[in-house]
Amino acid sequence: MKSRNRVWGIIASVIMVLPFLLGLGGFATKASAAELAEGKANLILHKKKMLTELNPTIQNTGDVMEEFDQYQGLGDVEFKVYDATEEFYKLRADGNAVTDAVAEIQKLDSTATLKTSGKTDAAGDLTFTVDKKSGDDKDAVYLIVESPKDGVTKAANMVVTFPVYQLNEDGSYTDNELSEINLYPKNVVSTPGSLEVSKKGTANGEKLNGAQFVIKRTVSNATQYIASFDEKSGLYTWTDNINSAKRFTTEGEGTFTVQNLEVGSYTLVEVQAPENAGMITAETEKDFTIVADKTAPVKIEVKNDTIVVDKSTTKPDFEVGKATTFTIKFKIPEGFQDILANGDRRYPALELTDEHDAALTLKADGKFTMTAGDTPFDKDTDYKLVESGDTFTVKLTDSGLAKAPAGTELVFTYEMYLNEDAVADGTFNNKVTVETGGLTTEKDINVTTGGKKFVKQDSDSKTALVGAVFKVYKEDGKGGKLYLVVDSKAVSWESDDSKGTEFTSNKNGLLEVTGLEYGTYYLEEVTAPDGYVLLTKAQPFEISKGSYNGEGAITDSVVNKHKGTLPSTGGMGIVAFVAVGIAAIGGAYLYFAKGRRHIEG
């Protein structure tokens with residue numbers, strides 16, 4: 001009888017419920033043997049995860065089972081331990097066999113007396129220290145119940161009855177009573193999840209390649225990162241070292257996809273921005289969840305700061321010496337006010353550098369404005385302007401950096417003019433570079449000034465005429481005229497025609513007008529060459545791209561008619577004229593006299 005009781009005790013002690021979710025290539029670990037008080041035992045659970053169910057007949061032996069080492073542990077799975085001693089012995093007293101009593105205890109689930117509970121750690125391990133005896137000194141019986149977890153097939157309930165004896169590999173029992181009992185609840189996990197990540201820039205939504213990410217999760221308060229994908233198990237392996245984490249990189253259309261993710265919560269972490277793009281603290285980490293039975297991919301868009309600068313002027317063609325407004329615009333990075341973990345600014349500076357052709361001059365006493373959204377910036381307080389040769393730099397001070405509203409458009413205006421080095425139809429470059437202590441962009445524009453050439457000619461012979469004097473005017477839009485005034489450095493316009501600059505044709509009949517913006521003008525002759533009729537109507541002309549010296553430039557002809565001629569008194573001309581007249585009169589007299597005689601006779 002004693003032998004029979006011992007046998008059923010051993011059988012009951014090793015009956016454990018079939019497993020649950022399978023795992024990702026980890027390693028089974030045996031709980032360290034702690035010193036146990038008299039009458040105490042450790043129930044050590046090793047929760048593993050797999051994609052397919054193992055043979056349900058695989059029997060726990062109570063010892064560490066190395067065949068499970070190939071599977072990764074499944075963390076954060078809750079188990080509850082119930083004391084079912086009283087119920088078990090009542091079933092036995094009612095005549096139930098040991099196996100029948102164990103089967104009934106398995107069904108009790110939460111109706112038994114809860115003794116303790118806990119969750120598996122990141123390695124999938126959990127240890128419960130329990131009493132070997134319960135109640136009135138009866139061998140204890142415990143029911144172990146796994147709590148439901150999304151994406152995990154719940155393992156069957158397990159029953160442990162004391163005393164527990166280790167099994168041999170062939171299933172026979174030994175006389176080795178265990179105080180540390182290793183249990184392997186079997187589990188299957190589902191991997192239905194996929195993640196689609198797209199990376200875009202803040203400047204204009206451009207797709208960005210080269211951004212690098214890692215994926216992390218928290219298991220039993222431990223942070224883990226995807227390390228690799230195990231083709232054999234079909235699961236990802238994990239590491240607690242971010243430097244060993246797998247990096248997912250955007251490419252092609254600024255995207256990447258991660259598949260075969262288990263049900264659970266994750267965080268997408270950006271660890272490196274693309275070249276000339278900046279991370280934004282609010283965008284650096286994105287939480288997402290893979291839900292059971294949902295096959296649609298989780299889509300996440302992550303932004304990086306990018307800047308695109310726009311530079312313009314009121315008109316790309318303008319007059320020499322005339323102050324013209326230039327405008328620089330760009331969006332301040334959205335992460336401009338981010339403070340890093342070390343206390344530094346993410347963007348420690350903001351500078352605008354203007355490099356211009358020698359024919360352009362900054363109007364130092366001109367009007368400067370800087371705004372960002374509704375925020376104005378004060379020159380010399382919020383920003384400094386330093387000029388050096390053909391370059392000037394605008395740099396935000398500490399106060400300017402602090403007040404710059406992230407994500408708004410910064411607009412900076414200033415005045416420049418073309419100087420005496422500017423030639424008509426020349427191309428004069430002006431480039432701006434914007435730097436934020438991390439991002440750089442540049443934009444350049446070309447400006448020019450126009451001109452026109454004329455040739456003064458005889459209307460009949462087309463010979464060149466020297467000494468013709470002209471003035472140039474344009475209409476003022478009010479029915480009046482504004483006359484061109486030119487000095488060595490600038491042009492201006494006056495309503496008083498007496499102040500207008502005079503242009504005189506040279507020995508080749510040529511004259512030219514330069515330093516003007518594109519448009520319609522009028523050439524008005526004020527003095528004609530000697531012997532020629534003064535033009536009474538102004539000649540319109542157009543100044544446009546290439547009109548002065550460009551390909552196909554035309555030199556306009558301005559023609560004058562020669563005045564009529566009269567002979568000088570007493571000169572050879574009058575003698576000849578009189579002689580011809582006398583001869584004509586004499587001839588007429590002889591003709592008529594002859595005719596008269598003929599009639600009379």
Side-chain angles (χ1 to χ4, degrees), residues 199-211 254 273-280 283 303-318 324-338 345-357 360-363 366-379 382-397 400-416 427-448:
K199 169 64 77 170
K200 293 185 178 180
T202 57
N204 51 26
E206 65 274 34
K207 299 172 183 177
L208 299 177
N209 290 326
E275 184 177 358
N276 206 28
M279 289 193 287
I280 304 169
E283 295 283 313
K303 294 185 294 184
N304 272 143
D305 270 325
T306 54
I307 53 174
V308 175
V309 63
D310 178 63
K311 183 169 186 176
S312 62
T313 183
T314 49
K315 208 165 179 241
D317 54 280
F318 50 95
T324 301
T325 300
F326 285 77
T327 302
I328 295 171
K329 296 180 180 181
F330 65 92
K331 184 179 179 182
I332 297 174
E334 292 187 12
F336 193 74
Q337 296 297 344
D338 288 351
R345 292 181 59 91
R346 184 182 296 281
Y347 295 100
L350 194 155
E351 293 185 13
L352 289 69
T353 301
D354 186 290
E355 300 175 77
H356 50 268
D357 193 282
L360 280 165
T361 300
L362 175 68
K363 196 173 189 304
K367 183 179 180 181
F368 296 89
T369 66
M370 181 185 287
T371 59
D374 296 328
T375 303
F377 293 78
D378 297 324
K379 188 174 181 292
D382 297 323
Y383 66 92
K384 301 286 187 181
L385 189 150
V386 178
E387 190 173 9
S388 177
D390 296 331
T391 300
F392 68 87
T393 300
V394 177
K395 183 176 182 179
L396 291 191
T397 63
L401 291 173
K403 71 190 294 186
T408 61
E409 184 178 59
L410 185 142
V411 181
F412 177 63
T413 65
Y414 55 100
E415 293 178 310
M416 301 190 81
T427 299
F428 313 109
N429 185 256
N430 190 337
K431 180 177 77 172
V432 64
T433 301
V434 176
E435 296 178 322
T436 65
L439 305 180
T440 301
T441 186
E442 62 183 36
K443 176 70 178 293
D444 61 355
I445 61 172
N446 292 322
V447 296
T448 188

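The basis for the numbers below is simple: all heavy atoms, side chains too, and nothing from hydrogens, waters or symmetry mates. Since this is a predicted model, take the numbers as computed values, not measurements.
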**OP:** Drop me the distance from N430's CG to F326's CZ, to the nearest 0.5 angstrom.
**Re:** 5.0 Å

Original post:
Taking C-beta and beyond as the side chain, do F377 and V394 meet within less than 4.5 Å on heavy atoms?
Top reply: no

**OP:** Find out whether V432 and V309 are in side-chain contact, i.e. whether some heavy atom of one side chain is under 4.5 Å from a heavy atom of the other.
**Re:** yes

**OP:** Quick one: list whatever passes side chain to side chain contact (heavy atoms under 4.5 Å, CB included) with A211, sequence neighbours left out.
**Re:** K199, F213, T250, E270, P274, N304

Original post:
Above 12 or not: heavy atoms from other molecules or residues under 6.0 Å from CG of D374?
Top reply: no

Subject >> Nearest-0.5 Å distance that lies between atom CG in D338 and atom CZ in F336 >> reply: 10.5 Å

**OP:** Classify the side-chain pair R346/Q337 by whether it contains a donor and acceptor separated by less than 3.5 Å.
**Re:** no

Original post:
Between P348 and G437, what is the shortest heavy-atom contact and its length?
Top reply: CD-O, 3.5 Å

Subject >> NZ on K379 to CE on M370, rounded to 0.5 Å >> reply: 10.5 Å

**OP:** Give a yes-or-no answer on whether the side chains of D357 and N429 include a donor-acceptor pair shorter than 3.5 Å.
**Re:** no

Original post:
Tell me, do F412 and T369 make a side-chain contact under 4.5 Å, heavy atoms counted?
Top reply: no

**OP:** Return yes if a side-chain donor-acceptor contact under 3.5 Å exists between T306 and E206, otherwise no.
**Re:** yes

Original post:
Residues two or more places apart in sequence or in another chain: which of them pass side chain to side chain contact (heavy atoms under 4.5 Å, CB included) with K331?
Top reply: T202, E334

**OP:** Drop me the distance from F428's CZ to T448's OG1, to the nearest 0.5 angstrom.
**Re:** 5.5 Å

Original post:
Between K443 and D310, is the closest basic N to carboxylate O distance under 4.0 Å?
Top reply: yes

**OP:** Evaluate side chain to side chain contact (heavy atoms under 4.5 Å, CB included) for M416 paired with K363, printing each intermediate quantity in order.
**Re:** CA-CA 5 Å; M416 301 190 81; K363 196 173 189 304; over 6 Å; no

Subject >> Flag side-chain contact, heavy atom, 4.5 Å: V386 against F392 >> reply: no

**OP:** Inspect the surroundings of NZ in K329 and state if more than 12 heavy atoms from other residues, nucleotides or ligands are less than 6.0 Å away.
**Re:** no

Subject >> T325 side chain near T313 side chain, heavy-atom distance below 4.5 Å >> reply: no

Original post:
Nearest heavy-atom pair of N209 and G254: which atoms, and what distance?
Top reply: OD1-N, 2.9 Å

Original post:
In Å, rounded to the nearest 0.5 Å, how long is the span from CG of L396 to CD of E351?
Top reply: 9.0 Å

Original post:
How far does CD1 of I307 sit from CG of L439, to the nearest 0.5 angstrom?
Top reply: 5.0 Å

Subject >> Check: D305/Y347 side-chain N/O donor and acceptor closer than 3.5 Å >> reply: yes

Original post:
What are the two closest heavy atoms between P376 and T371, and how far apart are they?
Top reply: CA-CG2, 4.2 Å

Original post:
Is any side-chain heavy atom of L401 less than 4.5 Å from a side-chain heavy atom of R345?
Top reply: yes

Subject >> Any donor-acceptor N or O pair under 3.5 Å, side chains Y414, D354 >> reply: yes

Subject >> Any T433 side-chain heavy atom under 4.5 Å of L352 side chain >> reply: no

**OP:** Look at the side chain of T391 and the backbone N and O of E355, then say whether any donor-acceptor pair between them is shorter than 3.5 Å.
**Re:** no

**OP:** Would you confirm whether E415, through its side chain, and T324, through its main-chain N or O, come within 3.5 Å as a donor-acceptor pair?
**Re:** no

Original post:
Which pair of heavy atoms, one from T375 and one from P405, lies closest together, and at what distance?
Top reply: OG1-CG, 3.8 Å

**OP:** Give the intermediate values and the outcome of side chain to side chain contact (heavy atoms under 4.5 Å, CB included) for residues L350 and K395.
**Re:** CA-CA 6 Å; L350 194 155; K395 183 176 182 179; over 6 Å; no

**OP:** Compare every heavy atom of A406 with every heavy atom of P333, then report the nearest pair and how far apart it is.
**Re:** O-CB, 3.5 Å

Original post:
Is there side-chain contact between V308 and N204, with heavy atoms separated by less than 4.5 Å?
Top reply: yes

Original post:
So which heavy atom on N276 is nearest to which on G438, and how close?
Top reply: OD1-O, 4.3 Å

**OP:** Using only heavy-atom distances, determine whether the side chains of T413 and T327 contain a donor-acceptor pair under 3.5 Å.
**Re:** no

